[in-house]
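What follows is a short report on a single structure.
Letters A, B, ... are given to chains in the order of the sequence lines, protein chains preceding strands, and every chain is numbered from 1.
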Number of protein chains: 2
Amino acid sequence: MQSTELERVTLLLRQMIMAGEFVPGARIAEIPLASRLGVSRTPVRLALGILEQEGLLTSAPHKGFWVREITIDEIADAFDVRGALEALACRRAVERGLDVANRIVLEECLALGEALVAKGALTEADTRSWSEMNARFHEAIVAASRNIPLANALAFVGRLPLVSPGAIAFTQGLEAAFQNMQKVQAEHRDIVDALVNGQASRAAALVQEHAYKSREKLRRGLERLRGEQIVANVPGLKLVVG
Amino acid sequence: MQSTELERVTLLLRQMIMAGEFVPGARIAEIPLASRLGVSRTPVRLALGILEQEGLLTSAPHKGFWVREITIDEIADAFDVRGALEALACRRAVERGLDVANRIVLEECLALGEALVAKGALTEADTRSWSEMNARFHEAIVAASRNIPLANALAFVGRLPLVSPGAIAFTQGLEAAFQNMQKVQAEHRDIVDALVNGQASRAAALVQEHAYKSREKLRRGLERLRGEQIVANVPGLKLVVG
DNA sequence: GCTCGGTTGATTGCATGCAATTCTCTTTGC
DNA sequence: GCAAAGAGAATTGCATGCAATCAACCGAGC
């Protein structure tokens, strides 16, 4: 699938960073990384540049790259941005007329969510398919807006760890995850209802609140981990809590 | 100032693209470009990667880079995104309390705008200082929101040509530019008024409309140029009008 | 004992060589 | 005359060598 080393290295490196393999603020030297990944410095260097553009790394001339320190507040703020953009997407989707293809995707997502909620029990696999469904749901809304810069901007903010709709929900356990899932499913239902009935501002308000709830849920989850300077084992990235 | 070739090449290349030196859709080969800029392929390659991330170029493995074709609709859509984001910035700025530093910047921008409008006559230099003032104005609003992902997202959409507040207004002549300037100045006054009086939703609505007016002004300006497949001499980039 | 300066080591930045892929032009077959 | 296949040229992708810059450590001077 990936025809070049650069793509492979970029993907790998992104996963490594997101998995928290590097201490935030720590320098990432090219040579050890290259030998670790079994390639030369060239693709590594290019990949680092890409990840810098994505906001995961920082660099300075002759000083190299290091992992950006991301605060909880920054993650939370990104959710506000996501809410505002998705609200715009809803308004545009309604104004331009919700097309059939995306409507079908939305309803499929609703059905899948319904099935997961009805099933009651939750395995790890269920959580994964929920996440994928959630990602598809939000993508469909954006696609329905037919606004390319909007989609790009959303992808941009989604590059921050935990912000993308596909990020694994940050909950205490499967039980809490399930309760949250029920709430989210209800919100999804309302959003789709507003969209198919042409209620632009209602849909916009609902997704905005939807994002806000995600934000606060995440914040509560992260706040619990205060105390250590660096939050480890967060699915996504080590975060600076200072 | 720029200590590396990469920075120099990136800046130069961005300017060249924005100035429309390349036909949209045309391939950009590394070797001729490198020899033209007097450097080796390495920094050129890195710069091309950066500009791809910025949305000005596209690439495919083993096929190199080419200039992205940007439609008028895409530019217009980006204005909607800008409006939504700046509206969010206004709400947050008010909610968090407009800080003194940014308030001063806003009022200085107002004063400068007032002076330019009062002056009546408009030179090229006036247009430039107006643009710089406009950029500072919008930056201050974003800075006042103290939301870093928001600022990043706005910078992201602003990378599209003509979308950034600092882009030279697209008007028919100095006379029309002046009339537009008067309107914009009035809008700026209202926005600052809302911000300093803590009227969050009013300020949000005003900036959104502000962006919408910019969008429509630009669209009218570009529509006039339909007919040719490619619009040349647009300050920013050659645009595909199809 | 502390600070400032020099020197050494390491790392980044750039140039270039080589292999792999793609594109193009030509030639052959129908 | 046109289409398809093959060979050659050109370009990208990657590896590596070398120079410039930076950081750290050590020593000297105050």
Side-chain angles (χ1 to χ4, degrees), chain A residues 1-17 20-69 230 238 240, chain B residues 1-17 20-69 230 238 240:
Chain A
M1 201 62 224
Q2 315 118 320
S3 48
T4 68
E5 292 293 316
L6 171 58
E7 297 176 40
R8 196 176 65 84
V9 170
T10 306
L11 213 66
L12 221 69
L13 207 50
R14 193 187 292 115
Q15 287 173 350
M16 286 167 69
I17 296 173
E21 288 207 23
F22 302 98
V23 180
R27 244 183 90 180
I28 298 187
E30 296 175 7
I31 298 176
L33 193 59
S35 59
R36 179 173 170 186
L37 298 179
V39 292
S40 84
R41 286 172 49 214
T42 307
V44 170
R45 190 179 185 70
L46 289 163
L48 290 171
I50 291 176
L51 295 177
E52 179 188 12
Q53 292 287 319
E54 294 189 0
L56 293 177
L57 302 177
T58 317
S59 82
H62 298 286
K63 293 189 180 177
F65 297 84
W66 56 92
V67 183
R68 257 201 59 194
E69 304 187 4
I230 287 170
K238 293 183 182 176
V240 176
Chain B
M1 200 61 224
Q2 317 119 317
S3 48
T4 69
E5 291 293 319
L6 173 58
E7 296 177 39
R8 196 175 64 85
V9 170
T10 305
L11 213 66
L12 221 68
L13 208 51
R14 192 187 291 116
Q15 288 172 349
M16 286 166 68
I17 296 172
E21 288 208 26
F22 302 99
V23 179
R27 243 183 92 180
I28 298 187
E30 296 175 6
I31 299 177
L33 193 60
S35 60
R36 180 173 169 186
L37 299 178
V39 294
S40 85
R41 287 173 48 212
T42 307
V44 170
R45 191 179 185 69
L46 290 162
L48 289 172
I50 291 176
L51 295 178
E52 180 188 12
Q53 292 287 318
E54 293 189 0
L56 294 177
L57 301 177
T58 317
S59 82
H62 298 287
K63 293 189 181 178
F65 297 84
W66 57 92
V67 183
R68 255 200 61 193
E69 305 188 4
I230 287 167
K238 292 183 182 177
V240 175

Quiz item: Given D:dA15, is OP1 or OP2 found less than 4.0 Å from the side-chain N or O atoms of A:Ser40?
Solution: yes
Quiz item: How would you label the contact of B:Ile28 with the nucleic acid (heavy atoms, under 4.0 Å): base, sugar-phosphate, or nothing?
Solution: sugar-phosphate
Quiz item: Given A:Trp66 and A:Leu57, is the side-chain contact (heavy atoms from CB on, under 4.5 Å) satisfied, shown in steps?
Solution: CA-CA 6 Å; A:Trp66 56 92; A:Leu57 302 177; over 6 Å; no
Quiz item: Taking only N and O in the side chain of A:Lys63, is any of them less than 4.0 Å away from OP1 or OP2 of D:dA23?
Solution: yes
Practice problem: For D:dT12, take OP1 and OP2 only and decide whether either is under 4.0 Å from a side-chain N or O of B:Arg45. | Solution: no
Quiz item: When the distance from CG of B:Leu46 to P of C:dA15 is rounded to whole Å, what number comes out?
Solution: 11 Å
Practice problem: Using heavy atoms to find the nearest nucleotide of DNA chain D for B:Pro32 and A:Gly38 separately, return the residue whose nucleotide is more 5′. | Solution: B:Pro32
Quiz item: Heavy atoms, side chains only, cut-off 4.5 Å: are A:Thr58 and A:Phe65 in contact?
Solution: no
Practice problem: Identify the heavy atoms of B:Ala47 and B:Val9 that sit nearest to each other, and give their distance. | Solution: CB-CG1, 3.7 Å
Practice problem: Using whole Å, report how far CG of A:Leu33 lies from P of D:dA15. | Solution: 13 Å
Quiz item: Mapping B:Phe65 and A:Arg27 onto DNA chain D by nearest heavy atom, which one lands closer to the 5' end?
Solution: B:Phe65
Quiz item: Taking atom P of C:dT21 as reference, at what distance in whole Å does atom NE2 of B:His62 sit?
Solution: 6 Å
Quiz item: Separation of A:Glu30 atom CD from D:dC22 atom C1', in whole Å?
Solution: 14 Å
Quiz item: How close or far is atom C1' of C:dC14 from atom CG of B:Leu37, stated in whole angstroms?
Solution: 14 Å
Quiz prompt | Per A:Ile31 side chain, nearest of listed nucleotides D:dA15, C:dG13, C:dT12 | solution = C:dT12
Practice problem: Select one nucleotide: of C:dT21, C:dC14, D:dC14, the one nearest the side-chain heavy atoms of B:Glu5. | Solution: C:dC14
Quiz item: Rounding to a whole Å, what distance do you find between A:Leu6:CG and D:dA15:C1'?
Solution: 15 Å
Quiz item: A:Glu21 versus A:Gln15: any side-chain heavy-atom pair under 4.5 Å?
Solution: no
Exercise. Specify the closest pair of heavy atoms between A:Glu69 and A:Gly25, including all atoms of both residues, with the distance to one decimal.
Key: OE2-CA, 3.5 Å
Practice problem: Return the value, rounded to whole Å, for the distance between atom CD of A:Glu7 and atom P of C:dA20. | Solution: 18 Å
Quiz prompt | Whole-Å gap separating P (D:dG13) and CZ (A:Arg41) | solution = 19 Å
